[in-house]
Amino acid sequence: MSDFPLSTVRHSAAHLMAAAVQELYPDVRFDIGPATEDGFYYDFDMEHRLTPEDLKKIEKAMKKMMGKKVPFETSEMTREDAEKMLKENNQDYKLVRLSEIPEGEKITFYTCGKFIDLCRGPHVEHTGQIGAVKLLSIAGSYFHGDEKNPMLQRIYGTAFKSKEDLNAHLQMVEEAKKRDHRKLGQELDLFSVSDNVGPGLVLWHPKGAFIRHTFESYWKDEHYANGYELMYTPHIGRSILWQTSGHLDFYKENMYAPMEIDENEYFVKPMNCPFHIEIYKSRLRSYRELPCRWAELGTVYRYEASGVLHGLLRARGFTQDDAHIICTPEQVEDEIAEVLRFSLNIWKTFGFKEIKPYLATMPEKSVGDPERWQKALGALENAVKKAGLECEMDEGGGAFYGPKIDLKVKDAIGREWQTTTIQFDFNLPERFDMTYIGEDGLRHQPYMVHRALFGSIERFFGILVEHFAGAFPVWLAPVQAKILPISEKQLDYAKKVCAEMRQAGLRVEVDERPAKIGAKIKDARHERLQYMLVVGDSEMANGTCSVRSRREDQLGELKISDIIAKISDDVDKKI
RNA sequence: GCCAAUGUAGCUCAGUUGGUAGAGCAAUUCACUCGUAAUGAAUAGGUCAGCGGUUCAAAUCCGCUCAUUGGCUCCA
């Protein structure tokens, strides 16, 4: 085993792959092949369109070279020689890359067998030191990441120092596939998307709707308990609203087309903010009533490019768990710290323990004077400190109207999801001319903070499905327990127990099918049920159920009142 | 939107070189009355994504459209 960094191994694997591709398709022109977070890729352009079959061939060629321990050799060239060589080999993409290397920097090439590549390095010493590789998929990618440029063919692969590491990674990928919310959503009958309704528009089935209802109720209760007020606003609004907000100037192509009513144009809302601002402006506001903490589960529609839609994680219609905090400049830091504290609490309730904030700064295209940006950034930084968190910087990642804090949460199998966003906004208070009367009797412009905890209800639900792998905790589960009679002889008893437990407020069902107990258990497990209550002759005689739990396996025969107490306890603990 | 792949029963998938469809699971009915991951039998279920073309003949070949998947770009 080599002691090179994994990224070096992967970068070398990318070169090795390029060498294999060149061997098989001599007309290939290369772009770049870097290591990524969990593998590597290389971008090519050539006549031949790659197929999955080709990946096998390329991988085979790579493995052959790994066995031969082909050395990676470096050489330095003058810019002129490099240019001449690339031109001779018709490597036009590489020529562009060469021209991007700053004057005075060394120009180095790495050779691996017959393949020579403009590259900064470093690499492993020979191909034998690339422990284990696997080619994964073919994709298209724009040269330079610019959609105006021609599209190249990209091969994704991954490499590890050992076969064991590679297998562990592939297993992890399999696990993620099993948890895919689109697959589980269909299997568990949670939601669907219909061609007749339209892409990116989600239909919530009864079970999915129940889970949504439950966490929305929790969300509402927590907001009322933490000083928020809830609001409802319409789904459409006149064009004047979107002209004022700036959406029609900047984002019209992402909005659904307008409808004309009584000679006015109405747009389906892509955001809730303008509506909340109209509520603010419905009368004169005093500093005494600030901060306003206004929240809404607001359903918005955005015309997303068809290629970006992805189940619930990226939809065209979705419900933001939106809130706007309108406050004085003096209040803003405490308000943001409070939003952070509140968010962390909510995430922990759902079993997300690791949460990391990212502080996003001024982007190239922005509004508002830099001094304000600096002050706002300082407020955000202080708020993060007050919340006792360490944050990472996302330079230039802010919205055009202000800096923001994003939270990334880690799920049950360690994947990170970008969820909560807390955004400063200099733009809208000014555009909508929002004011309040200060202590001095004069008009002032308030600060405005946008925040969404879950981001969107749809996206959050998708993340929850994957986090729990479909096995929802009892407080969220649409069915908390299923009673499984051994035979139809116990059916009446089963129904009686079911009625009793429902009286106690639990969500219980009876499996009434004339099937064997083994089949009923199998199906209940497939439904990811937390509790299975088996009833046969002896349970019927004793007034009990034999309890089998997903978490603790066999719990033995328990009295109905004890079962009710146990499940209720789970609900209270939110497990 | 762009590159590529895919679309056959509710679900998962077969379907050879073109000769107009098949399995398992699920569903329904009947029998069985069963002790912790699949009881048996029978029945029903399809404009092969849609439209057009080639052909004596198309699920199969070609074109367009729609949708999905993997990426790219995008995500106010």
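Note on naming: letters A, B, ... go to the chains in the order of the sequence lines (proteins, then strands), and numbering restarts at 1 for each one.
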Nearest whole Å is fine: how far is [N] [atom2] from [X] [atom1]?
X: A:Phe44; N: B:C3; atom1: CZ; atom2: C1'; answer: 15 Å
X: A:Glu147; N: B:G71; atom1: CD; atom2: P; answer: 19 Å
X: A:His324; N: B:A76; atom1: NE2; atom2: P; answer: 14 Å
X: A:Ile155; N: B:A5; atom1: CD1; atom2: P; answer: 14 Å
X: A:Leu188; N: B:C11; atom1: CG; atom2: C1'; answer: 13 Å

### Query
Which base, if any, makes a Watson-Crick or G-U wobble pair with B:A42, both distances under 3.5 Å?
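Its partner is B:U28 (Watson-Crick or G-U wobble, both distances under 3.5 Å).
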
Could you tell me whether the phosphate oxygens of [N], OP1 or OP2, come under 4.0 Å of any side-chain nitrogen or oxygen in [X]?
X: A:Arg49; N: B:A4; result: yes
X: A:Ser306; N: B:G1; result: yes
X: A:His310; N: B:C75; result: no
X: A:Arg182; N: B:G70; result: yes
X: A:Lys489; N: B:C34; result: yes

With rounding to the closest Å, how many angstrom separate the [atom1] atoms on [N] and [M]?
N: B:C48; M: B:U6; atom1: C1'; result: 14 Å
N: B:G7; M: B:A44; atom1: C1'; result: 25 Å
N: B:C3; M: B:A21; atom1: C1'; result: 34 Å
N: B:U28; M: B:U20; atom1: P; result: 34 Å
N: B:A59; M: B:G19; atom1: C1'; result: 13 Å
N: B:G35; M: B:C30; atom1: C1'; result: 25 Å
N: B:A26; M: B:U60; atom1: P; result: 32 Å
N: B:G1; M: B:C61; atom1: C1'; result: 30 Å

### Query
Taking for each residue the nucleotide of RNA chain B with the nearest heavy atom, is it A:Met151 or A:Arg513 whose nucleotide lies nearer the 5' end?
A:Met151

### Earlier contact from the 5' end, RNA chain B, for A:Tyr301 and A:Ser538
A:Ser538

Side-chain donor/acceptor of [X] to base of [N], under 3.5 Å:
X: A:Gln186; N: B:G10; result: no
X: A:Arg459; N: B:C75; result: no
X: A:Tyr303; N: B:G1; result: no

### Query
Regarding A:His144 and A:Glu100, is there a side-chain donor-to-acceptor distance under 3.5 Å anywhere?
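There is such a pair between these side chains.
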
### Query
Going by atom types alone, do A:Thr421 and A:Gln423 pair a side-chain donor with an acceptor below 3.5 Å?
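Distance-only check passes for A:Thr421 and A:Gln423.
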
Which of the following nucleotides, [options], is nearest to the side chain of [X]?
X: A:Tyr156; options: B:A76, B:G71, B:A38; value: B:G71
X: A:Glu488; options: B:C32, B:G71, B:U36; value: B:C32
X: A:Met255; options: B:C34, B:A76, B:A67; value: B:A76
X: A:Arg314; options: B:U36, B:C74, B:G71; value: B:C74
X: A:Ala519; options: B:A67, B:A38, B:A76; value: B:A38
X: A:Val308; options: B:G70, B:A76, B:C74; value: B:C74
X: A:Tyr401; options: B:C72, B:U36, B:A76; value: B:A76
X: A:Asp537; options: B:G35, B:G71, B:A76; value: B:G35
X: A:Lys522; options: B:A38, B:C2, B:G71; value: B:A38
X: A:Asn254; options: B:A76, B:C72, B:G35; value: B:A76

Please indicate whether [X] has more than 12 foreign heavy atoms, meaning atoms of other residues, nucleotides or ligands, lying under 6.0 Å from its [atom1].
X: A:Lys134; atom1: NZ; value: no
X: A:Gln171; atom1: CD; value: no
X: A:Glu253; atom1: CD; value: yes

### Task
Kindly state whether the ring of A:Tyr42 and the ring of A:Phe40 have centres lying under 6.0 angstrom apart.
no

### Task
Indicate, with yes or no, if the rings of A:Phe432 and A:Tyr280 have centres closer together than 6.0 Å.
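Aromatic pair excluded; centres sit 6.0 Å or further apart.
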
### Message
Quick test of your reading of the model: are A:Glu175 and A:Arg179 salt-bridged, counting only N-O distances below 4.0 Å?
### Response
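Salt bridge present between A:Glu175 and A:Arg179.
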
### Query
NA contact type, A:Ile521, heavy-atom cut-off 4.0 Å: base, sugar-phosphate, or nothing?
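Contact class for A:Ile521: base.
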
